[in-house]
Amino acid sequence: MIGELLQGLDYFGTAVFAVSGALVASRRHMDLMGFLILATVTGIGGGTLRDLLLGRPVFWLTQWEYLLITAVMAIATFYATRPFQQRSNWLLWADAVGLAAFCVIGAQIALSMDASPMIAVMMGIMTATFGGLIRDVLAGEPPLLLHREIYASAALVGGIVYVLFAHWLDWPVAAVILGFTITLVVRGLGIRYHWHLPSAGRG
């Protein structure tokens, strides 16, 4: 059961992160190729860095379905979101869901390779944030990672919760649910704070 749950969460995280990349492309008025590039680097960038640092085969080189997911989401977003180009709240929430999913996946993969709990939390943060960082740099936007709001700290909290329940308490299903939920809730608080900031104060 836990294997299917994690696999589904990984596909889901890839899809929503790809959407967040495509939404940035929409806001920057890019063509379809721009949508495909930003969706792909957002969807697989964090996992690529994780695999390279852990010394494991890069997942999308053998699991082609991840590239298919990012391409499908990019094309769907290209044709569906033209009226919403300026709605950055769509981007923030898509990014928040991807952040929560990949935080759990990154930590879980590190633990499966016998990494220490601290390294697992770090891999969760990197998996959750690096794809969005590449997306923002390529689009010429200030990275969300560097904004004056709760972002990487949400992945930190979620990663700690996941490792606590998965590694020390050995409750894998609860770990996935709580790690994902807490990351999303903490990030959601950051989004609410973001929208209550004065315009000049947003990083």
Side-chain angles (χ1 to χ4, degrees), residues 1-23 39 42-47 49-50 54 59 66 69-70 73 87-113 115-133 135-136 143-145 147-197:
M1 175 182 177
I2 187 63
E4 289 80 3
L5 177 61
L6 288 168
Q7 185 67 78
L9 186 62
D10 202 11
Y11 287 152
F12 177 66
T14 301
V16 293
F17 252 165
V19 169
S20 79
L23 286 172
T42 311
I44 68 174
L49 176 64
R50 174 202 65 219
L54 290 174
F59 68 103
Y66 286 94
I69 290 170
T70 60
M73 300 312 295
R87 297 293 297 276
S88 57
N89 55 326
W90 289 86
L91 166 62
L92 290 173
W93 282 107
D95 189 84
V97 174
L99 185 85
F102 278 1
C103 166
V104 168
I105 294 300
Q108 182 272 329
I109 288 177
L111 288 178
S112 73
M113 298 189 66
S116 70
M118 180 179 295
I119 295 300
V121 172
M122 290 178 60
M123 290 299 106
I125 295 171
M126 290 182 181
T127 306
T129 61
F130 192 69
L133 177 63
R135 172 199 67 208
D136 294 338
L144 275 174
L145 183 62
H147 279 198
R148 184 166 62 92
E149 58 178 284
I150 301 169
Y151 189 73
S153 53
L156 171 63
V157 173
I160 290 172
V161 169
Y162 177 82
V163 170
L164 173 64
F165 280 86
H167 182 71
W168 281 301
L169 299 179
D170 196 24
W171 294 345
V173 175
V176 172
I177 295 171
L178 290 174
F180 176 87
T181 302
I182 289 175
T183 304
L184 185 59
V185 168
V186 174
R187 176 64 187 128
L189 293 174
I191 292 174
R192 289 178 62 87
Y193 172 70
H194 170 92
W195 287 112
H196 284 87
L197 282 174

Study note, to complete from the structure: In short, M113 meets L54 closest at the heavy-atom pair CE-O, 3.6 Å

Practice item. Drop me the distance from R50's CZ to M126's CE, to the nearest 0.5 angstrom. Key: 12.0 Å

Exercise for review: List for me each residue that meets side-chain contact (heavy atoms from CB on, under 4.5 Å) alongside L133, sequence neighbours excluded, and say none if there are none.
Suggested key: F130, V137, P143, L145

Check: residues 164-182 side-chain donor-acceptor pairs under 3.5 Å, at least two apart:
residue: W171; atom: NE1; partner: L169; partner atom: O; Å: 3.4
residue: T181; atom: OG1; partner: I177; partner atom: O; Å: 2.7

Point to revise | Rounded distance (nearest 0.5 Å) linking atom OG1 of T129 with atom CZ of F102 | key: 11.5 Å

Review point. OG of S20 to CG of D136: how many Å apart, nearest 0.5 Å?
Key: 8.5 Å

Study note, to complete from the structure: Value for CG (L99) from OG1 (T127), rounded to nearest 0.5 Å, stands at 10.5 Å

Practice item. Heavy atoms only: give me the nearest V163-A107 pair and the separation to one decimal. Key: CG2-CB, 4.4 Å

Revision key, fill the gap. Residue pairs meeting salt bridge (charged side-chain N to carboxylate O under 4.0 Å, His left out), one or both in residues 156-166, sequence neighbours left out, come to none

**Study point:** Minimum heavy-atom distance R187-I150, with the two atoms named
**Key:** NH1-O, 2.6 Å

Point to revise | Qualifying residues under salt bridge (Lys or Arg N to Asp or Glu O under 4.0 Å), relative to D95, sequence neighbours excluded | key: R135

Point to revise | Between CH2 on residue W93 and CG on residue L184, distance to nearest 0.5 Å | key: 6.0 Å

**Study point:** Qualifying residues under ring pair (Phe, Tyr, Trp, His ring centres under 6.0 Å), relative to Y162, sequence neighbours excluded
**Key:** none

Point to revise | Pairs where residues 3-14 contributes a residue and the test side chain to side chain donor-acceptor pair (under 3.5 Å) is met, not counting sequence neighbours | key: Q7-Y66, D10-Y66, Y11-E65

Review point. Side-chain contact, heavy-atom cut-off 4.5 Å: I105 with L6?
Key: yes

